[in-house]
Amino acid sequence: MNPYDYIDAHRQNFLEELKALLRIPSISTLSEHAGDVRRAAEWLQAHFEQIGMTRVQLYEKEGCHPIVYAEWLGAGDAPTILVYGHYDVQPADDPDNMWRTDPFEPVERDGNLYARGATDDKGQAFTQIKAVQSLLAAGALPVNIKFVIEGEEESGSKFVHGFVEDNAEMLKADAVVVSDSSILALDQPSIVYGLRGMVSLEIEVWGPAHDLHSGMYGGIVHNPAQALAGILAALHDGTGRVAVPGFYDRVAELDAAERAELAKTPFTLERLENETGITNPWGEPGYTLQERLGIRPTLEINGLVSGWTGEGGKTVLPAKALVKISCRLVLDQDPHEIEDLIRAYVENIAPDTVTVEVRGIHHANPVVINRDSPYMQAAIRAYEFGYGVSPVFMREGGSIPVVETFQRVLGIPVVLLGFGLPDDNLHAPNEKFALECFHRGMRTAIKFYEEAGKL
Ligand code: BES
Ligand code: ZN
C-alpha cells in the first residue's frame, strides 16, 4: 500500500490516537501539571516505538520537562531530516466560560477537532509523525528521520537550546522541518520565513508593608497600582511606538523590494474583524498591519494584578502591583539587551515613593530563514501537491525559540512546514485543528519527504 492510501485507510485510527494525546493536559507553564507533561512525553515515547522508530529516548534535565528523541536511519546515504515539534500546551483557563467544550476532551464539530493543543502543537507534530509512520508502513521512507519533540516551548524552551548544543553530533542532519505555524487559508498555502523573537518580563511594585485602609492612608502613601500605571503609560508614546530609549536602535529597516513582497499578502481589515471583532486597528504609524506584525517589534502588557478585584467594593490601598510584559523582537534586536534597556528605563522613571523590581522570564532570538535552500524548493512542491496551489512566502509575528538555535548551531536550512489556519484560536478558547488540515498536512509532509529524498 502506498503511503497516501495508508493515511486514507487509517483516517479514523489516526484521529483517535491524536485525541488520546490531546486528553493529556501537558501544560508546561503550570508546575502542578508537571506529571501530565511527563505523561505526554511517555505517551509519545511509546508511540514512536510502536510506529517503528529504531532509537527512542527521553532526555531529561533537573527542573525541565523531557525532550522526546526518536530516530530511524534506514535510508543510508539519503538526506537526514530533523523534525521538531512540541507536545506541551498553553493553559486553558476559562474565567469567562468561553470554551464550548472541555479543552482536554477533544470533540469533532463541523469538520474541526476542538481541544487545547489541537493545532499548537500536538495536532501539527502528530501530522508529521503520521506522515513518517505511513511512509515507514509503505516501506517507502526515502530519508533518515530524527524527531525532537520538546515539552517546554510554551514556557520558553529553556532546556532545548543546551540540548541542541550538547548533542549537535547526534542531531546532525541536512535540514530541519518544523510544523508549528499556519498557512494563510486552505486555498492559499504559505511558507513562513521569519519569526519574531521575544523577551518577557515581570515588573513588581511594592509600597506599604501590607494592604492599608484607603481612608486612613490614601493621600499620604503612594499607591503601588497607581505608580505601576504611571510606569506602564510611559512605555509607549502617544502614537503606538515603544518609548524605551534604545529600543529601536538595532532594528533593521527593510528595503523597498522586501516591503513590496510583504504587501502581496496584506493583513486586511476584514480579516482583523473576522478573527478578533476589532474594527479599529492600532499600532506603530508608518507601517502596514502586515509589517507591524512581521518586521516591527512590540511591547505588550500580558497581565496585570493589584488590589481588590472581587465582588463589590473594598476600599483598600494595595501593598503591591504586578505586571507581565512581553516584547516581540525583530532582527537585529537581542532579547537580553532589550531586557536591560527596559530595566534601566523603568528604574529611571520609577518614583522613589515605591520599590520596583524588573525580572526577566523568556528570551528568544528573532530569525529570518533563507528562502533559496533546495529544501525550501521541496516544500514549495509539497504544498503544490497537497493544496493544488503554489505557496506564498510570509513573515509571522509569533515566536518558536529553538528555530534560531537550529539555524545557528546546526548550520542547516530550516523549513517551517505549517498546517494550521489563522482562525485556529491558538492560546485562546476553542482551539481547533481542521480535519482537512490534518489530512492535507499528512499528504504535504509525505510529499516533502519524497522530494527531500531526491536531493
Ligand atoms: N506555534 C506558536 C508560534 C506561532 C504562532 C507561529 C503563530 C506561527 C504563528 C508557538 O507555540 C508559540 O506560541 N510560541 C510562543 C513562544 C514564547 C512562549 C516564548 C509565543 O510565540 O508566544
Ligand atoms: Zn503556542
Side-chain angles (χ1 to χ4, degrees), residues 22 26-30 37 65 84-92 103 115-128 148-161 177-185 189-202 265 267 271 275-276 290 293-294 297-303 324-330 333 335-336 338-339 360-369 393-405 414-429 431-433 437 441:
L22 289 167
S26 47
I27 305 165
S28 60
T29 45
L30 303 177
V37 177
H65 298 301
Y84 165 86
H86 64 93
Y87 65 84
D88 64 318
V89 298
Q90 285 279 330
R116 171 57 84 234
T119 188
D120 183 12
D121 178 46
K122 286 173 176 169
Q124 294 195 60
F126 203 66
T127 305
Q128 284 289 353
V148 169
I149 314 290
E150 74 155 308
E152 47 189 29
E153 196 273 350
E154 301 290 7
S155 53
S157 292
K158 282 204 178 59
F159 180 16
V160 80
H161 303 290
V177 172
V178 178
S179 295
D180 188 22
S181 55
S182 26
I183 58 171
L184 275 173
S190 50
I191 299 180
V192 173
Y193 73 98
L195 291 166
R196 289 193 291 189
M198 131 150 344
V199 58
S200 65
L201 355 123
E202 54 190 18
T265 53
F267 197 115
R271 181 177 152 198
E275 290 172 15
T276 68
Q290 184 67 285
L293 282 177
T298 63
L299 186 158
E300 295 290 334
I301 297 170
N302 303 122
K324 304 261 184 179
I325 279 179
S326 60
C327 297
R328 297 288 170 177
L329 306 177
V330 299
Q333 289 177 301
H336 292 278
I338 296 294
E339 177 183 334
I361 305 173
H362 297 146
H363 303 84
N365 288 326
V367 65
V368 172
I369 294 164
F393 281 102
M394 60 181 284
R395 294 205 191 201
E396 183 54 72
S399 312
I400 307 175
V402 74
V403 169
E404 190 273 344
T405 307
V414 181
V415 176
L416 300 182
L417 205 67
F419 303 129
L421 290 174
D423 65 353
D424 276 349
N425 293 324
L426 43 162
H427 297 203
E431 179 175 350
K432 62 142 175 91
F433 193 37
C437 289

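Atoms within a ligand are numbered from 1 in the order they appear, just like the ligands themselves. Both backbone and side-chain heavy atoms feed into the values below; hydrogens, waters and symmetry mates do not.
Side chain of Q290 to backbone of T265: a donor-acceptor contact under 3.5 angstrom is found. Under a 3.5 Å cut-off, the side chain of E339 and the backbone N or O of V199 do not form any donor-acceptor pair. In this structure a side-chain-to-backbone donor-acceptor pair under 3.5 Å is missing from R196 to G294. Side chain of E431 to main chain of A118: a donor-acceptor pair is present (N/O by atom type, distance under 3.5 Å, no hydrogens or angles).
Around atom 21 (O) of ligand 1, the closest heavy atom drawn from R328, H427, M198 belongs to R328. Summarising the contacts of atom 8 (C) of ligand 1 with E152, E153, R395, E396, the nearest heavy atom is found in E396.
Of the polar atoms of S155, none of the N or O atoms is found under 3.5 Å from an N or O of ligand 1, judged by distance alone. Checked against a 3.5 angstrom limit, the closest N/O atoms of H362 and ligand 1 fall outside it.
Annotation for ligand 1: atoms under 4.0 Å from non-hydrogen atoms of D120 are 1 (N), 2 (C), 10 (C), 11 (O), 13 (O). For ligand 1, the atoms lying closer than 4.0 Å to a non-hydrogen atom of L426 are 5 (C), 7 (C). Of all atoms in ligand 1, listed by their number and element, those nearer than 4.0 Å to a heavy atom of H86 are 11 (O). Listed by atom number, the atoms of ligand 1 under 4.0 Å from S181 heavy atoms are 8 (C).
Side-chain atoms of T29 and E154 form no donor-acceptor pair, as typed in the model, at a separation below 3.5 Å.
Using a 4.0 Å heavy-atom cutoff, L416 is absent from the residues neighbouring ligand 1. Using a non-hydrogen distance threshold of 4.0 Å, D121 does not register as a contact of ligand 1.
The closest protein non-hydrogen atom to atom 6 (C) of ligand 1 is D180 O, 3.4 Å. Distance from atom 3 (C) of ligand 1 to its nearest protein heavy atom, with residue and atom name: S399 O, 3.4 Å. In terms of protein heavy-atom proximity, atom 18 (C) of ligand 1 is closest to E154 O, 3.7 Å.
Within D120, the N, O or S atom lying nearest to the Zn ion (ligand 2) carries the name OD2.
A distance of 11.0 Å separates CD1 of I149 from CG of D88, quoted to the nearest 0.5 Å. In this structure, the separation between CE on M198 and OG1 on T298 is 8.0 Å, given to the nearest 0.5 Å. Once rounded to the nearest 0.5 Å, the distance linking OG of S182 with CG of D424 reads 6.5 Å. Rounding to the nearest 0.5 Å gives a distance of 11.5 Å between CG of D120 and CG of N425.
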**Message:** For a side chain to side chain contact (heavy atoms under 4.5 Å, CB included) check, start with the C-alpha distance between I400 and E153, then their side-chain angles and the critical distance, and finish with the verdict.
**Reply:** CA-CA 7 Å; I400 307 175; E153 196 273 350; 3.9 Å; yes
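For the pair OE2 of E154 and NE2 of H427, the angle whose vertex sits at the Zn ion (ligand 2) is 110° to 10 degrees.
Note on E153: not counted as a metal contact of the Zn ion (ligand 2), no N/O/S atom lying under 2.8 Å.
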